[in-house]
2 protein chains.
Amino acid sequence: METGHRQDQRTATERRRTELLEAAERVVLRDGPEASMNAIAAEAGITKPILYRHFGDKSGLYRALAKRHTDALLATLRSALDSPGDRRDRVEATLHAYLSAIETRPQVYRFLMHPAETPAADGEKGFDVGRHQAPLLRRMGEDLGEVIAERLDLGPDSRQVARIWGHGIVGMMFAAGDWWLGERPCSRDELVRTLADLLWGRLTLAGDRAGSQGL
Amino acid sequence: METGHRQDQRTATERRRTELLEAAERVVLRDGPEASMNAIAAEAGITKPILYRHFGDKSGLYRALAKRHTDALLATLRSALDSPGDRRDRVEATLHAYLSAIETRPQVYRFLMHPAETPAADGEKGFDVGRHQAPLLRRMGEDLGEVIAERLDLGPDSRQVARIWGHGIVGMMFAAGDWWLGERPCSRDELVRTLADLLWGRLTLAGDRAGSQGL
DNA sequence: CGTACTTGTTACTTGCGGTAACAGCAGTCT
DNA sequence: AGACTGCTGTTACCGCAAGTAACAAGTACG
């Protein structure tokens, strides 16, 4: 029967694909994002052309690899966003979830956020600033914006405001987390509380320092 | 006279260096960060080894090139931070300065923020997540943290809080700016006002949407 | 059986980062 | 004058990684 054969082939191909992705993951986690296609192929027990047949080119493989992790991380964040408690509790839980994720697997984090993307391979020559480099940031920003828009009443332009805040808050989390992960200047808990304080407007309430011209 | 010669040579070398940097800048602005050393050398009217004598390796050249722009941008931001008006005015002025900078020269922005950094060239194999990739973000965060610490009284742990906020606010500005630059979903003014609202605690004040479980 | 398709190979091209090795051209020291 | 130093610049190469033919084998289908 033809369709049976075809389907067998299709699922077999998919399984092979995930096997290759797992091999690639092992290498990337060991050698960092600059892992070569040869190394990945060797780890998978095969040779380069097969990788190319499955993923087109290197950035294709990397995109496939990134998608798994971004999906997982986004699911984690979504569930933290749905955790019990008041608004502040939820925000803190989400920050904790993010920081905990990047803390326990810094190699994965580095791969997702600082991908290297060797040849850029744009094709079209538009000014598409920042389209390929860190899709995770964008997706997180969009997702958070949607959640905010769903749950908060922000007056007219509610959706627009929610999107801006989504990207802004995600960026805050990202930059603070990146810095924290590199320098470890304080405990995770302290970082979370201080960032939440920032979102809660403590910046507005702080007094000017004596002798300063005021911020 | 020896010192005269030495000094002539030194200044001549420095002038040559800036000439090479200017050529590199032209190429990078034309071809993006993936510009090859050959292309840069050709633009400067010379060949590769000279570039290597001056800058050591590619990342050396890129660092030298980046330093000029980061210094310039940081100076702009510092002066916006010192602009007249109340605290809110200063924050908005700074956001405007940043967004205006990335808007008018997106190629420079892309080069600074998404450098590509081909071989990673770590040397030491530590888990130095995110040390080379976007020094600008780190520097902006540190600088803003210092300014906040100088000017605001944040109680005990003041310096720590200020640093965290510095990196957080810079990250907010960065991610929102990157997204805005790519999609242009609203005017610069609206973006600035909405981000300032976020910092001013409007997130805390917003009411839950009917039918939602509350954020 | 031949046809078609998938999996795999070896061997190649192209291009880039980086490095010898060498040549010329100041000015300096003896 | 002539040897030494230090700069500018070259050509020609190495090593390596991305990506691509071209070809070999197994296997379901008519």
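Letters go in sequence order (proteins before strands), and every chain restarts at 1. Only heavy atoms go into these numbers, but all of them, side chains included; no hydrogens, no water, no symmetry mates.
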Give A:T47 one of three labels, base, sugar-phosphate or nothing, depending on what nucleic acid heavy atoms sit under 4.0 Å from its own. base
A:R188, CZ atom: more than 12 neighbouring heavy atoms under 6.0 Å: yes
Among side-chain atoms of B:W180 and B:E103, is any donor-acceptor pair under 3.5 angstrom? no
Go through the N and O atoms of the side chain of B:R53 and the base of C:dG18, and report whether any donor-acceptor pair is under 3.5 Å. no
When rounded to whole Å, the OH to C1' distance for the pair A:Y62 and D:dG19 reads 15 Å
For B:D31 and C:dC16, give me the distance from atom CG to atom C1', rounded to whole Å. 14 Å
Please report the distance, rounded to the nearest Å, between CZ in A:R15 and P in C:dT7. 12 Å
For A:Y52 and D:dA21, give me the distance from atom OH to atom P, rounded to whole Å. 13 Å
On the side chain of B:R16, is there an atom forming a donor-acceptor pair with the base of D:dG9 - under 3.5 Å, no angle test? no
May I ask you to verify whether the side chain of B:K48 and the base of C:dG18 hold a donor-acceptor pair under 3.5 Å? yes
Along DNA chain D (nearest heavy atom to each residue), the more 5'-positioned of B:I50 and A:S36: B:I50
Across the strands shown, which category fits A:I46 at heavy-atom distances under 4.0 angstrom: base, sugar-phosphate, nothing? sugar-phosphate
Rounded distance (Å) that lies between atom P of D:dA18 and atom CG of A:L61: 10 Å
In whole angstroms, how far is the P atom of D:dG19 from the CZ atom of A:F55? 14 Å
Measure from the side chain of A:P49, starting at C-beta and using heavy atoms only, and say which of D:dA21, D:dA18, D:dT8 lies closest. D:dA21
Backbone N or O of B:L112 within a donor-acceptor pair of the B:Y62 side chain at under 3.5 Å? no
Rounded to whole Å, how long is the line connecting atom CG of A:N38 with atom P of C:dT9? 11 Å
Can you measure A:H54 atom NE2 to D:dG19 atom P for me and round it to whole angstrom units? 16 Å
Is the B:H69 ring parallel, tilted or perpendicular to the B:F111 ring (thresholds 30°, 60°)? perpendicular
Hey, are B:R17 and B:T13 close enough side-chain-wise for a donor-acceptor pair under 3.5 Å? no
